[in-house]
Amino acid sequence: MNKTELLEGPILSSLLKLAVPIMIANLLQAAYQLVDAFWVGRLGGDAVAAVSVSTPVIFLMIALGTGLAIAGSILIAQYFGAGQQEMVNHVAAQTLLMVITVSIVLSFIGYWLSPYFLYLLKVTPQVYNNALGFMQIAFIGLVFSFSFMIFQSVMRGVGRVTLPVYIVLGTVILNFALDPLFIFGWNFIPAMGVKGAALATLSTQSLAIIIGFVILFRGKHGIHLQLKDFKPDFKHIRKAFKIGFPSSIEQSMRAIGLTAITFLIVHFGTTTVASYGAGSNLIQLIMIPALGLSMAIATLVGQNIGAGNMLRAGKIAKLGAYLGFGLLTGIGIIAYAFAPHLIAFFVPNDPAVIEGGTTFLRITCLSWGFLGLQMCLLGVFRAVGNTTLPMILTLVSQWVLQFPLAYILSHNTSLGAVGIWWAFPVSTVITAIVTMLIYAKGDWKKERLTGKTNKLINKVEKEIVKEGFEVK
C-alpha cells in the first residue's frame, strides 16, 4: 500500500488491506505449532507431553517480545505518517538493537533455568529429557523469533503488510518438510526426536530473519537501514522500552491468566478440562481476526496522527470499533448455531466433552462482539503510544473481574463449572464498556510521539465534532 492511500484513501478498504494480510500472517504463525504437533504426535504420548509442558514457559517469553514489537510499530507508524523518513529508519534500527539485546539475555536465562522450570512443573522422568532438549533449543531460537517480530512490526508500521506473509508461508512449508527429517532422521541426518521439532523451527526462523534483514538493508520497501543506524541511541531505546514494556506485561498477564483459570477447571475433572480445551481452541481462532483488525487500526491511526490528520484518525477509530463489534458478533452467532459440530471437530468421539464444550461455547460466544470492540479501541490507544492503559484494562479484566468471578461462581454457587464459563462473558462485556467510556472521553486525541508541532493539527482538532459515541 502506498502512503497516499493510507492517509487519504477510503478508510474501509485501507483497514481491510492492512488487516487481512496481518490475519493471514497470524494464522500461518499458528501453523508452526500445528505442524510441530502433527509430527511430534507420531512419537507418542510422552513426546506430546514434552512439548505441552514446555509451551506455556516459551509462550510467556514470546509475550515479552510481542510487547516490544508493538512499540516499534507505533513509533514507526507515526514517524512514517509525519514524513520523517530518517526517523523511521533510526527507530527501526534502535528497536531491533533493543529487542535483539533483550532476546539474547532472555535466551541465556531461559536456557540456564530450563531444568528448574521443569522441576517446578513436576515433569515425570519419562518426559524430562525430551522436554529439556525442546525447551533449551526453543530458548536459543528466541533471538530469531523476537527479531522477526520486529521485522513484521516495522513492515506493518509503513503499511507493507503482505511481504511478511510470503516469508512466513515459505518458512511454514519448509518447517513441514524439515520436521520429519530432524525428528525421525534420514540418511546422514540423525533422528533427534522432540529436539528435532525445535531445531526445525529454529532453522526456519533464522532463515526468515536473514531474509528480513536483507529486505531492510536493501531499502526498497519503505525502510532503509544502514549500519550507522545501529549506533546505540539510549534516548530512543528508553522511549521504545517505555512504550513496549507495558504491552509485554499485558501479553504476559493474558497468558498467566489463562493458566490460572486452568487451575480452577482442573478441580472439576477431566471432562471439564477437555471441554474447556476444545472451546478455547475456537476462541484462539476468533482472536486472530480481532488481533489483525486491532493491529491494522493501530497502524492506520498512528500514521494519520503523525500526519496531523486527527479528524481522519477519529473516523478510522470509530469505523474500526463498529467493524470489530459487527464481525465478531456475526462469528459468535454462527458459533452458537453450530456449537456441537464445532466442538466435535476437536473431540469427535466423546459425547460428554461435546456437551460440555457446547455449553461453554454458547455461554461465551455471544459476547465476542464486545471482545472485538475492546481490542479495536485498545489499538487506538496503542497508536498514540498509550500502552499503559491497555495493560491496566487487561489486568483489571483478568485479575479483578474474570478470575475472582470464576472462583466465586464455581465454588460458592450451585453453578459449579458453568460458573467459570459465565465469568468470561461478564468480564468481557464490563471491560468493553469501560474501554468505550475511556475512548469516548477523547483524551487519546491529545497524545503524540513524534514531537511534530503543526498548526494544522490544532485547527483540525477544533473542528472535530461529537460523532457517535465520541465525546469531546
Side-chain angles (χ1 to χ4, degrees), residues 1 18 21-33 35 61-77 79-80 85 87-104 106-107 138-178 199-231 236-237 240 244 291-292 295-296 298-299:
M1 293 181 69
L18 283 173
I22 294 171
M23 293 176 198
I24 294 171
N26 288 342
L27 279 169
L28 290 172
Q29 290 285 6
Y32 266 108
Q33 282 72 43
V35 168
M61 292 294 186
I62 290 175
L64 298 174
T66 303
L68 298 176
I70 287 170
S73 64
I74 290 168
L75 286 164
I76 288 166
Y79 282 118
F80 185 76
Q85 186 61 47
M87 287 304 301
V88 169
N89 299 334
H90 185 67
V91 168
Q94 294 301 308
T95 307
L96 270 167
L97 180 64
M98 174 186 68
V99 169
I100 289 172
T101 304
V102 170
S103 64
I104 290 172
L106 289 177
S107 292
F139 274 123
I140 294 171
L142 282 183
V143 177
F144 305 108
S145 59
F146 275 35
S147 299
F148 191 73
M149 283 181 206
I150 297 300
F151 170 73
Q152 286 181 297
S153 72
V154 165
M155 291 291 101
R156 190 164 64 242
V158 296
R160 308 295 175 92
V161 288
T162 54
L163 198 56
V165 174
Y166 297 128
I167 297 173
V168 176
L169 176 61
T171 54
V172 168
I173 294 170
L174 182 60
N175 193 53
F176 190 81
L178 290 180
L199 189 60
T201 300
L202 173 65
S203 303
T204 54
Q205 286 180 336
S206 60
L207 176 62
I209 193 54
I210 289 170
I211 295 170
F213 270 111
V214 169
I215 290 168
L216 293 175
F217 276 93
R218 287 185 68 187
K220 295 184 178 180
H221 296 278
I223 300 273
H224 188 192
L225 298 188
Q226 301 178 61
L227 288 177
K228 64 183 178 69
D229 294 319
F230 286 87
K231 181 181 178 181
H236 281 281
I237 289 174
L291 277 170
M295 289 178 178
T299 299

Side-chain donor/acceptor pairs under 3.5 Å, residues 146-157, sequence neighbours excluded:
| residue | atom | partner | partner atom | Å |
| --- | --- | --- | --- | --- |
| S147 | OG | V143 | O | 2.7 |
| S153 | OG | A69 | O | 3.2 |
| S153 | OG | I150 | O | 2.8 |

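- Between V214 and R218 there is a side-chain heavy-atom pair separated by less than 4.5 Å.
- A distance of 4.5 Å separates CG of L199 from OG of S203, quoted to the nearest 0.5 Å.
- Between the D229 side chain and the N89 main chain, no donor and acceptor come within less than 3.5 Å of each other.
- Judged as a side chain to side chain contact (heavy atoms under 4.5 Å, CB included), and not counting sequence neighbours, the contacts of I24 are V20, L28, V165.
- The OH atom of Y79 lies 8.5 Å from the NE2 atom of H90; values are rounded to the nearest 0.5 Å.
- For I22 against G292, the heavy-atom pair with the smallest separation is CG2-CA, 3.7 Å.
- Between atom NZ of residue K231 and atom CD of residue Q226 there is a gap of 14.5 Å, rounded to the nearest 0.5 Å.
- Among all heavy-atom pairs drawn from L18 and G159, the shortest one is CD2-CA, 3.9 Å.
- Partners of T204 by side chain to side chain contact (heavy atoms under 4.5 Å, CB included), not counting sequence neighbours, listed by chain and number: Y32, T171, L174, N175, L178.
- Closest heavy-atom contact between P164 and V161: CD-O, 3.5 Å.
- For the pair H236/M98, no side-chain contact is recorded, criterion being any heavy-atom separation below 4.5 Å from C-beta on.
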Checklist line | Check against side-chain contact (heavy atoms from CB on, under 4.5 Å), I167 and I215 | finding: CA-CA 11 Å; I167 297 173; I215 290 168; 3.9 Å; yes
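- In terms of heavy-atom proximity, A25 sits nearest to V168 at O-CG1, 4.3 Å.
- Interatomic distance, CG of L202 versus CG of L207, reported as 11.5 Å (0.5 Å rounding).
- F217 meets the side chain to side chain contact (heavy atoms under 4.5 Å, CB included) test with F213, L225, L227, F230; sequence neighbours excluded.
- Atoms CZ and CD1, on F144 and I100 in that order, are 10.0 Å from each other to the nearest 0.5 Å.
- With sequence neighbours left out, the side chain to side chain contact (heavy atoms under 4.5 Å, CB included) criterion links I210 to no other residue.
- For the pair S107 and L142, the tightest heavy-atom approach, listed with the atom from each and the gap, is OG-CB, 3.5 Å.
- Rounded to the nearest 0.5 Å, atoms CD1 (I104) and CD1 (I140) are 12.5 Å apart.
- Taking N26 as the reference, nothing meets the side chain to side chain donor-acceptor pair (under 3.5 Å) condition, with sequence neighbours excluded.
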